[in-house]
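Notes follow the structure.
Values in this document were obtained by computation on a predicted structure and should not be read as measured data. Each chain gets a letter, A, B and so on, in the order the sequences are listed, and its residues count up from 1.
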Amino acid sequence: MKIKSVKGVKDILPGEIEKWQWVESVAQQIFFRYGFKEIRPPIFEYTNLFKRSIGDTTDIVEKEMYTFKDKGGEEITLRPEGTASVVRSYIEHKMHGQNPLTKLYYFGPMFRYERPQAGRFRQFYQIGVEAMGSPSPAIDAEVMTMLMEFFKLLGLNDLEMQINSLGCKVCRPQYREILKTAIKPHLQELCTNCNQRYERNPLRVLDCKVERDGKIAKGLPKIKDHLCAQCEQDFADVQKHLDAVNTSYTVNDQIVRGLDYYNKTSFEVISKTGLGSQNAVCGGGRYDSLVEDFDGPPTPCFGFALGMERLISILPDEKLQGLEQPPDVHLVCLGEEAQQLAFPITHQLRAVGLYVEREIDGGSMKSQMRKANKLASRFTLIIGEDEIKNQRYLLKNMDGGEQWEVSANTLAKEVQSRLKSFD
RNA sequence: GUGGGCGUAGCUCAGCCGGUAGAGCUCUGGAUUGUGGCUCCAGUGGUCGCGGGUUCAAAUCCCGUCGCUCACCCCA
């Protein structure tokens, strides 16, 4: 039996990982500016946390969770999303007592048992952001703006942010009933899926992708016409704030979201190109009662999660150039004595901060030069019998081809200054 | 859970109306005895996913199985 990785998971290898590191570093920079701090929750939790937060009847909980009993008999689940853990942590550490508004972000793997396809994996990575403690539409707009600014820094300018309001505890249940009444006469025409949705989550009928259902859905009452005064006002405020800083968006009343805890502002960011049918790069919204549901204090929250694999797959080529750092110096050693000297010399150069490569197993000069060229090394340091005898090594610029003699005594200093002169 | 496509060298693939494997790239060496990139030459590298069947003979035809992939569903 051949050893193999598990279905639906991937190794992120050198050559690819540089993109991830870049995206993470840009995220850190931009989130820092907005005052968000990193949090690293564990990747598994008690199963109940997810059942109660995400919703018992959602696909995630019903059939996608990696759940197991540990040796102590506890029901454990690998996290299928990040918000639940952050909320748990927020309550457990009584963060509400430290600051009225807690701003957190996280990065890491999530797990869902689904059939893999383009842009969908069983272990996938999300960057998530949670702003906890404010009901203000201003925070919705600020977080969404931060997100779009993040995309801009990554060179992604043609992503579309679609927003909607799902209503609150007051108006959503009312709308739900109105919707059900309106759907009822169409039940026979709707797909079997929507017939199930009718009872369990009628809002989902709205974004059904079956063509005929979509047409019916268009004629159904819209949430925006049934928001309570407060929700209507808040949604308008969100848009006003977005407009104030020219954060672009479109209102799409089909945006529903799959997790139970969302209310009020909800949104998705869609890429029209580059992704397959999984075109949502990011999704999020308000979840005003989740903290309370877990016996925390009333804490209205706003957050989002974005899919790393999807994000990375649409990064523009020009931003991906030069992410891999080439060696500053590549040693080329001729003969046994030079090979012996190579380690102390690389050690000396690395000690002053340079990236130095050498061929551990030697090889011909040609092959060493070739390797240096292949890695796009900036300089080579050639060490042969003559150089050792004279205590002067040959430093060669691999770009222009010039070479200089450098003294063994002042090697590191000379190499550094030569490198600097070509920056 | 349902459906389509595909599994041949490290990578990308050709060969598939049967005659026990080939190209390009990569890698190594040489042309250029201590100077890379371009070019040319040579070499390394394969249980043709796995199992069974038909046949004198199977990468090729048939059956099964596993894997990958795309899509539905749903979602990041």
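- Listed by chain and residue number, A:Y66 satisfy the ring-ring contact (aromatic ring centres under 6.0 Å, His included) test with A:Y113 (two or more places apart in sequence, or in another chain).
- Proximity note for A:I382 (side chain, C-beta onward) versus B:G34, B:C68, B:A76: the nearest is B:G34.
- Residue A:R120 has its side chain nearest to B:C73 when only B:U35, B:C68, B:C73 are considered.
- Distance A:M365 CE to B:G29 P: 14 Å, rounded to the nearest Å.
- The 5' end of RNA chain B is approached more closely, in terms of each residue's nearest nucleotide, by A:E385 than by the other of A:V281 and A:E385.
- A donor-acceptor contact shorter than 3.5 Å is absent between the side chain of A:Y105 and the backbone of A:F32.
- Using a 4.0 Å heavy-atom criterion, one finds that A:E62 contacts no nucleic acid atom at all.
- Under the 4.5 Å side-chain criterion, counting only non-hydrogen atoms from C-beta, A:L203 is in contact with A:I223.
- Atom CZ in A:R370 sits about 13 Å away from atom P in B:C25, given to the nearest Å.
- The distance between atom CD of A:E359 and atom C1' of B:G36, rounded to the nearest whole Å, is 12 Å.
- Partners of A:F294 according to the ring-ring contact (aromatic ring centres under 6.0 Å, His included) rule, which considers only residues two or more places apart in sequence or in another chain, do not exist here.
- For A:I255 and B:C75, the CD1 to P distance is 11 Å, given to the nearest whole Å.
- A search for side-chain contact (heavy atoms from CB on, under 4.5 Å) contacts involving A:P137 returns A:D234, A:D237, A:V238, not counting sequence neighbours.
- The nearest whole Å value for the distance from the CD atom in A:E405 to the C1' atom in B:U35 is 15 Å.
- Judged as a ring pair (Phe, Tyr, Trp, His ring centres under 6.0 Å), the pairs with a partner in residues 302-348 of chain A (not counting sequence neighbours) are, in order, A:F267-A:F302.
- Contact between the side-chain N/O atoms of A:K396 and the OP1/OP2 oxygens of B:G37 is not found at any separation under 4.0 Å.
- Toward the 5' end of RNA chain B, the nearer of the two residues A:R122 and A:K7, judged by each one's closest nucleotide, is A:K7.
- Look at A:Q117 and you'll find a side-chain N or O under 4.0 angstrom from OP1 or OP2 of B:C72.
- A:L242 has its side chain within reach of A:T145: a pair of non-hydrogen atoms, C-beta onward, lies under 4.5 Å apart.
- B:A76 and B:G7 are spaced 30 Å apart, taking the C1' atom of each and rounding to whole Å.
- The side chain of A:R115 sits closest to B:G1 out of B:G1, B:G37, B:A76.
- Here the nucleotide nearest the side chain of A:R310, chosen from B:C75, B:C72, B:G36, is B:C75.
- Counting heavy atoms from C-beta on, the side chains of A:R120 and A:E309 never come closer than 4.5 Å.
- Residue pairs that meet the ring pair (Phe, Tyr, Trp, His ring centres under 6.0 Å) test with at least one member in residues 149-168 of chain A, sequence neighbours left out, are A:F31-A:F150.
- For residues 123-133 of chain A, proximity to RNA chain B is found at A:F124, A:Q126, defined as any non-hydrogen atom under 4.0 angstrom from a strand atom.
- At B:G34, none of the side-chain N or O atoms of A:S364 fall inside 4.0 Å of OP1 or OP2 (strictly under the cut-off).
- Counting only distance, with no hydrogens or angles, the side chain of A:N397 and the backbone of A:D399 share a donor-acceptor pair below 3.5 Å.
- Nucleic acid contact class of A:Q403 (heavy atoms, under 4.0 Å, all strands): base.
- Whole-Å rounding puts the A:I60 CD1 to B:C73 C1' distance at 13 Å.
- With P as the reference atom, B:G49 and B:A59 are 10 Å apart, rounded to whole Å.
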Hey, can you pull the donor-acceptor pairs under 3.5 Å for the side chains in residues 348-356 of chain A, sequence neighbours left out?
residue: A:R350; atom: NE; partner: A:V356; partner atom: O; Å: 3.2
residue: A:R350; atom: NH2; partner: A:V356; partner atom: O; Å: 2.7
residue: A:Y355; atom: OH; partner: A:E357; partner atom: OE2; Å: 2.8

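- Nucleotides B:A9 and B:G5 are separated by 22 Å at their P atoms, to the nearest Å.
- By the salt bridge (charged side-chain N to carboxylate O under 4.0 Å, His left out) test, A:K371 pairs with A:E359, sequence neighbours left out.
- Straight-line distance between the P atoms of B:C70 and B:G64: roughly 25 Å, to the nearest whole Å.
- Taking the side chain of A:L259 as heavy atoms from C-beta on, and the options B:G34, B:U35, B:C75, the nearest nucleotide is B:C75.
- Between A:K63 and B:G1 there is no side-chain polar atom (N or O) within less than 4.0 angstrom of OP1 or OP2.
- Residues from residues 324-348 of chain A that place a heavy atom under 4.0 Å from any atom of RNA chain B, listed by number: A:L334.
- The stretch residues 18-39 of chain A does not touch RNA chain B, since none of its heavy atoms comes less than 4.0 Å from the strand.
- Of the P atoms belonging to B:C16 and B:G34, the separation is 46 Å, rounded to the nearest Å.
- Contact annotation for A:Q368: no contact, since no heavy-atom pair falls under 4.0 Å across all strands.
- When the side-chain contact (heavy atoms from CB on, under 4.5 Å) test is applied to A:E92, the partners found at least two apart in sequence or on another chain are A:R88.
- Near-neighbour residues of RNA chain B inside residues 372-379 of chain A, defined by a heavy atom below 4.0 Å, number-ordered: A:N373, A:K374.
- Comparing B:U28 with B:A14, their P atoms sit 28 Å apart, to the nearest whole Å.
- Ring orientation note: the planes of A:W404 and A:F379 are tilted relative to one another, at an angle of 30° to 60°.
- Evaluated for a side chain to side chain contact (heavy atoms under 4.5 Å, CB included) with A:L166, the options A:K264, A:R172, A:R286 yield exactly one hit, A:R172.
- With no hydrogens or angles considered, no side-chain donor-acceptor pair links A:S165 and A:T265 at under 3.5 Å.
- We find that NZ of A:K4 is positioned 12 Å from C1' of B:G7, with the value rounded to whole Å.
- Regarding A:M65, its CE atom lies at a distance of 15 Å from the P atom of B:C75, rounded to whole Å.
- In this structure, A:K389 reaches neither bases nor backbone, as no heavy-atom distance under 4.0 Å exists between it and the strands shown.
- If you check every strand for non-hydrogen atoms under 4.0 Å, A:E114 touches a base.
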